[in-house]
Every structure is written in C-alpha cells, then in structure tokens.
Amino acid sequence: MNSFKKFFFVLLLVVLPSFVYPQNPCIIPDPVKFELKAGSFEINENTVISANCEEAFNDAVIFKKYIKDLYGLNLRLENSRRRSNCIYIEYVVRADIPEGSYELNVNQFGVEISGMTYYHGLQSLKQMILKAKGTLIVPNLYILDYPRYSYRGMHLDVCRHFFPKDFVKRYIDFLAMYKMNYFHWHLTDDQAWRIEIKKYPKLTEIGAWRKGVLTGRYKDVSRATDTVNYGGYFTQDDVREIVKYAEERHITVIPEIEMPGHSLAALTGYPEYSCTGGPFEVAREWGVFDDIFCPKEETFKFLEDVLSEVAELFPGRYIHIGGDEAPKDRWKNCKHCQELIKKEGLKDEHELQSYFIKRIEKFLNSKGKAIIGWDEILDGGLAPNATVMSWRGTEGGIEAAKQNHNVIMTPGEYCYFDHYQSDPRNEPIAIGGYTTLEKVYSFEPTPKELTEEQQKYILGAQANVWTEYIIEPMNVEYMVFPRICALSEVLWTPAGKKNNTDFKDRLKSHFKLLDLLKINYSKAVYDLSVKYSQPIDKKGIGIEVNAPFSNSEIYYTTDGSEPDLKSIKYSGIFSVLNSCTIKTAYFENGNKQGNTFVQEFNINLATGQNITLVTQPRKRYSVGGAFSLVDGITGRLPWSGRDWLGFLGDDLNATIELKQAEEISKVVVDVLNSEQNWIYLPKEIEVFVSTDGIKFESVKKVEWNYINKYERSVELTFDKVKTKYVKVIARNFGKIPAGNPGEGTDAWLFVDEISIE
Ligand code: ACM
Ligand code: ZN
C-alpha cells in the first residue's frame with residue numbers, strides 16, 4: 001500500500017461509523033462456522049443491494065421488501081456491485097467450499113454472500129440485523145455454513161381447521177427463516193377436502209364443509225358438537241400462487257392426499273368409491289373413521305384423475321399419499337375387497353392396503369413423481385420406491401432404512417407440535433402429549449441401531465402441526481414457536497455443535513426479532529424446573545427450584561398469593577410441612593419472566609416417606625419414580641403422561657414405611673380411567689398393614705364393581721389400626737375387552753398419589 005492509499009484507508013476507517021453490536025450475535029440454526037470480528041456494518045438509505053444473476057436478484061427483491069416492511073428502510077436495488085455500502089449476492093458454484101454451502105462475509109464496507117445456497121446466507125443476515133439507536137447494524141463476521149440433513153420440513157394440517165392463503169404464505173416465511181426446505185401440506189382428511197379438483201367438483205363443494213365440530217375435548221364423555229357450518233378450500237389458482245411463493249423462497253411443497261383412510265370428506269361427495277356406498281357426512285369429530293376408499297377399478301380411476309391434477313399443480317418430486325390409520329373393518333366385510341384379495345393372492349387386508357399403495361405408486365412414478373407415506377405403509381410390504389415418514393416412534397423408520405428405503409423422521413414424542421409444550425394448566429387446550437422445547441432440541445434423527453450404510457437413508461425430519469385444537473393462525477404460531485427453532489438446529493447444526501444452554505441463550509436474543517415480526521410465540525423456555533425430594537428428617541416434602549437461565553432471581557409464596565419481589569426469595573431447597581399451594585416465579589432485572597409455577601400439596605402421613613415397589617412402572621411412564629406416589633402431589637388432568645406411573649399388564653404393589661408407627665384409618669389411591677388411551681381402572685385395590693414390614697395383614701379391599709367408573713380417587717376406610725408399614729396392591733384390569741381401542745392387549749394401570757390418614 002503506498003502512503004496515499006494508506007492515508008485514505010485510515011481515513012475511511014475513521015469516518016465510517018462503527019457501532020458496537022449491542023448483544024450476543026445469534027443465528028438459529030447455529031451455523032457450522034462462525035467467526036465474529038471487531039466492528040460492524042451499517043445499513044442505511046444509501047445501501048445498495050445487488051446480485052450477480054436474475055435468480056439471486058429475485059431474492060434481493062424479497063430481502064429489500066423485508067427490510068422495508070420491518071424497519072421502514074428503502075434499500076436501493078442495483079444490477080452492479082458497489083465497492084462500499086453494498087450487500088452483494090453471488091449465486092455461484094464454488095469448488096473451494098463444501099457442496100450446498102454458502103459463505104457470508106461482513107466488514108465495514110458491506111456484506112458479501114456467495115455459494116449455491118446464498119439464500120440461506122440471506123436468512124442468517126436477516127437474523128443478525130439489529131436496530132440500535134435508530135441505525136441498522138450487522139457485526140463484522142465470517143460464516144461458512146451448510147445443513148446436516150437434506151430434508152428439513154414442517155407440516156401443516158389445513159383440514160381440521162382451515163387457514164387462509166395469506167397465513168400459509170406467512171408459514172412458508174417461517175420455514176425459510178430457519179432454512180427449512182420442505183412444506184408438507186396436509187390437504188385432505190375426514191373433516192375436509194381442501195384442494196379444488198376440476199374433474200370432481202363435489203370434493204370441495206361438499207367435502208370442504210362440515211356441519212359442526214366438537215366443542216369440548218376429544219376425550220370428553222359427552223362429545224358435544226356445535227352446528228356451525230365450517231369450511232373453506234384452496235382453488236387451483238391459490239395453490240399455484242402458494243407453490244410459486246414457496247419456490248421463490250427455495251421451499252418445495254409436498255401435497256398430501258390421504259388414502260385409503262382419512263377419506264370421509266371425499267367419500268361424502270363421492271360415496272360410490274366406498275365399500276358400502278354411504279351415505280356419509282363430513283366428520284364433525286376427530287379420530288379415525290371406518291369408511292375408507294374401496295379398492296375398486298372406479299376408485300383407482302378417480303384417484304388417478306385426482307393425482308394427475310395434483311401432479312400438475314405441484315412441480316416437486318414428492319406426493320404424500322397418507323396411508324396411516326386405515327381401519328380394515330369395511331374391507332373385511334366387502335364382497336369386492338375379499339374377491340380382490342383372493343384374485344391377487346393376497347394374505348389379508350394389510351396386503352390389500354400394500355397392493356393399493358403399490359398401484360398408486362406405480363401410477364405416480366409413471367408421472368415422474370415419488371411417493372411418501374406414513375409408516376403404516378410398511379404393513380403388508382413396502383411399495384418399491386416409497387419414502388417412509390416415521391410417526392409412531394422411530395421404529396418404522398428404522399425398519400424402512402433396513403429395507404434400503406428413504407426415511408423422514410417425525411416421531412410423535414419429539415416432532416408433534418400439536419402437543420403441550422408447558423404445564424397444561426397454563427396452556428391453551430391441546431390434543432395431549434408433552435413435547436417441550438428441550439425435548440425437541442434433544443432429538444437425534446439418525447438412530448444408532450442402523451449401520452453407517454443404513455443411516456444414509458435418513459433424509460432428515462419434520463415437525464407435524466395437526467390442528468384439531470389449533471383454530472386461528474395465531475394459535476398455529478404459538479404451537480410452532482419456538483419449537484421450530486429447536487427443530488431447525490436438530491436438522492441443520494452439526495450434531496457435535498449442538499448445545500442446549502447456548503441455544504436457549506441465543507433464543508432469548510432471537511425473541512426480539514420474533515417480537516418485531518409480531519409472531520405469537522410461547523415463553524415456556526422461561527418455565528422453572530421444580531423437583532421434589534425426601535427431606536433428611538422425612539418431614540413434609542423438599543422442594544428444589546431451578547431457573548432456566550443464570551443471573552436470575554426466584555421468589556415464592558406459600559399462601560396462594562402471586563409472588564413478587566417482596567415474596568420469599570429462594571435460596572436453595574426448602575421443605576413444605578403442611579398442605580398448601582406453592583407459587584413460584586422467575587425474575588430478570590426485576591421483571592417476571594414466563595408463567596408462575598403453581599403446585600398444590602396435600603401433606604399426609606405418607607408424604608415424603610420411604611416407598612418401595614415390587615414391579616417397576618414402564619420406563620416411558622415413570623417420571624419421578626416410586627417417590628412420585630408420595631410427593632404430596634395429585635396427578636394432573638388432563639392426563640399427559642406426567643406425574644403418573646404407568647404399569648402395562650402389571651399390578652401396583654407398593655409398600656410405604658412410615659416415619660414411626662401411626663394410627664391410620666384411611667388410604668386414598670389415585671387411579672386413572674382413560675379407556676380411549678388403553679388405560680383402565682384396576683380390578684381391585686387392597687390395603688395391608690404390618691408392624692415389622694414382613695408379616696402383612698389385609699385391612700380393606702375394594703373391587704371393580706364398587707368403583708364408580710369415572711372416579712379417580714379411590715378411598716379405602718377401615719377401623720383404626722396402628723402400623724408402621726402400609727402395603728397397597730392395585731390389581732391390573734387384565735386384557736382389554738373386545739370392541740374397545742386396544743382390544744385383546746394388556747391394559748395399562750396408571751396410579752398416582754397414595755395418601756394415608
Ligand atoms: C398421523 O399422525 N396420523 C400421521
Ligand atoms: Zn370394498
């Protein structure tokens with residue numbers, strides 16, 4: 001550098017503003033390589049955005065609009081690159097960086113994004129932009145970034161509830177923001193058919209509308225429905241518009257057309273494609289319905305016509321054909337179906353479903369399309385080229401990968417965003433389940449059970465958003481955010497770089513952007529984690545509270561009042577000696593964050609005492625272990641698996657050792673009745689007492705007949721007896737009777753608190 005240039009350069013450094021970036025820079029998903037540098041770049045009204053080709057220029061236009069909408073700043077769009085104050089996008093094949101990666105450089109002169117996936121770089125840039133003292137700044141940095149998995153998806157059910165075109169586009173924006181590349185659009189189901197098919201107008205004229213809907217919970221006994229005509233659908237023009245919108249954001253739309261099950265809305269318009277001929281009604285309730293497509297030639301003709309129109313509308317490679325939850329009752333009793341089974345030499349109705357799917361696959365393959373199906377398409381044999389979406393756990397995916405089939409993981413436990421994400425008492429009504437942010441973050445899509453070769457069949461994962469209880473767009477946002485952030489990191493960030501603490505810290509900063517975008521997100525990440533333990537002196541129950549972030553303050557009350565900065569300050573584990581309600585909350589800089597944690601305690605002779613079990617509960621339903629039976633907390637409803645111990649086919653056989661011999665006359669056992677979920681009340685409950693813990697004597701027994709079918713607290717009273725040991729045996733119901741969900745299999749027994757008075 002000659003001295004003149006040097007002088008000029010130094011001058012530039014001095015006169016160019018360099019604002020200090022006011023927070024920890026955060027990008028979600030966390031990039032592969034990220035180097036923060038000193039200084040920053042200011043985006044102002046003179047900043048130019050330009051690109052090296054038409055394709056990238058389209059992205060520049062979208063970026064310009066984003067900046068205008070969000071910050072009111074009008075960037076200049078130009079074809080040629082400027083030396084300074086320029087955001088330059090270069091769509092280029094580069095041999096010097098890994099395939100599918102982008103590189104992002106920021107210095108005080110501008111931003112340069114280059115690579116085949118430059119558009120992911122734009123998303124990273126968007127997340128880094130911060131408004132500080134009225135100025136938009138980006139810290140100087142270097143990023144080299146590429147995804148871990150090739151399939152990164154989000155699903156949306158627009159059948160159970162309808163979401164308008166504009167929201168679907170906003171949803172697609174969310175996917176783009178987190179570098180996802182597939183939008184799985186669930187368009188047909190029992191409760192609606194939502195895509196216009198020109199050749200079969202009744203699909204939407206009739207199938208897109210239902211005459212009412214469940215007003216309460218699915219599990220309610222009453223099953224009340226309203227009588228509001230509800231519906232809507234997407235015209236083919238709407239579909240084209242959405243597909244184009246997604247394409248411009250580098251997202252492929254996968255339409256799902258369900259078959260042979262979940263087809264009641266279609267059959268309502270065209271009952272001739274069922275086994276019985278109908279008539280039918282578009283479903284008003286949730287669940288699984290017996291009437292499904294009958295594999296007649298006319299039905300295949302109909303489905304092929306429908307799929308031909310669908311294939312035209314969606315340029316992507318995949319069409320999802322459903323395949324899940326298709327009861328075989330109708331096929332068993334249908335003359336045509338039984339003859340077809342014989343004619344084709346099939347073993348049973350499962351092989352008939354496999355025959356059905358294989359035929360559809362052959363047709364779609366001939367149109368240049370590949371099928372995806374839910375893991376039930378494994379039953380009766382996989383179609384030769386099918387990709388399996390594993391939703392009932394990861395087992396189906398493992399099996400498919402072993403058969404050399406591609407797999408997309410969507411196990412309910414980690415990937416169902418219709419589940420609760422926080423304490424159900426603080427949450428809007430949901431279908432059930434419990435899938436916290438942390439749980440999503442902990443998901444590992446590639447099962448260890450697979451060999452390295454088989455692992456290559458795991459294309460990636462996706463989250464599913466079923467909308468039985470998700471009614472408005474803002475409810476969708478609440479269920480999706482911020483769990484989508486965690487999922488994006490599961491799918492993008494190298495496994496070795498994932499770090500839940502670091503993720504949560506970045507998320508906290510990221511919330512500012514979500515606020516700016518007016519996204520309705522859950523604040524469950526601020527939930528306190530509360531643990532219960534046996535106090536050393538076995539008096540009452542010990543309570544330990546942990547905050548999700550460091551440098552925080554926790555306050556609590558024991559009188560039911562709302563905690564504030566004047567309440568008792570938490571300084572470590574404490575004991576609750578008498579029945580009461582504990583309320584505790586978390587504060588940062590004097591401001592309460594998240595929900596107040598509320599827990600009622602029923603302190604009795606059993607609380608906090610030693611307890612032993614002869615048979616252990618199943619691992620999935622043993623949170624808190626045996627101690628959760630004597631922690632003073634009654635299991636919560638609606639049942640979501642927490643607080644309860646679940647025994648499959650086994651009895652509960654628990655012995656509680658009291659601190660000292662006491663006179664007792666009552667034992668209360670909390671059991672659960674939820675036959676929908678294969679959970680049955682015990683056949684009988686018996687209480688025994690003992691002074692030495694060896695010789696037990698029965699003091700009371702209640703049998704099934706004496707128990708009100710829906711009662712959950714079973715009281716066993718008896719004459720006063722002095723005892724040190726109390727044994728409770730709740731005998732499992734046994735096999736589930738015919739005609740009930742799960743018939744013929746072992747019943748679950750769910751037990752929570754055991755109280756002694
Ligand atoms: C599903 O949740 N039935 C795929
Ligand atoms: Zn049939």
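Worth saying up front: this structure is predicted, and the values here are computed from it rather than measured. Counting starts at 1 for both ligands and their atoms, in listed order.
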#### Entry: Per-atom contacts of ligand 1 with W391, taking only distances under 4.0 Å to non-hydrogen atoms
1 (C), 2 (O), 3 (N), 4 (C)
### Query
Does an N or O from H262, backbone or side chain, lie closer than 3.5 Å to an N or O of ligand 1?
no
### Message
Just to confirm my numbers, could you give the angle made at the Zn ion (ligand 2) by SG of C334 and SG of C294, rounded to 10°?
### Response
120°
### Summary
Within 4.0 Å of some non-hydrogen atom of W466, the atoms of ligand 1 are 1 (C), 2 (O), 4 (C)
### Heavy-atom nearest neighbour in the protein, as seen from atom 3 (N) of ligand 1, with distance rounded to 0.1 Å
D324 OD2, 2.7 Å
#### Entry: F300: which of F356, Y273, F363 passes ring-ring contact (aromatic ring centres under 6.0 Å, His included)
F356
### Message
Assess the residue pair F234 and F162 against the criterion (ring-ring contact (aromatic ring centres under 6.0 Å, His included)); give the C-alpha distance rounded to whole Å, side-chain angles, the decisive distance to 0.1 Å, and a yes or no.
### Response
CA-CA 10 Å; F234 299 94; F162 179 69; 4.9 Å; yes
### Message
When you compare the side chains of Y245 and D173, does any donor N or O come within less than 3.5 Å of an acceptor on the partner?
### Response
yes
#### Entry: Atoms of ligand 1, numbered as shown, that sit under 4.0 Å from any heavy atom of Y416
1 (C), 2 (O), 4 (C)
### Task
Between M389 and ligand 1, find which residue part has any heavy-atom pair under 4.0 Å and reply side chain, backbone, both or neither.
neither
### Query
Are M180 and L487 side-chain neighbours, meaning at least one heavy-atom pair lies under 4.5 Å?
yes
### Query
Quick check: does C275 put an N/O/S atom under 2.8 Å from the Zn ion (ligand 2)?
yes
### Query
At a 4.0 Å threshold, what atoms of ligand 1 neighbour a non-hydrogen atom of E325?
3 (N)
### Interatomic distance, L313 atom CG to L187 atom CG [nearest 0.5 angstrom]
10.0 Å
### Query
What pair of heavy atoms forms the shortest contact from R194 to Y230, and how long is it?
NH2-CE2, 3.8 Å
### Message
Tell me whether the NZ or CZ atom of K439 lies within the 45° cone about the ring axis of Y434 and under 6.0 Å from its centre.
### Response
no
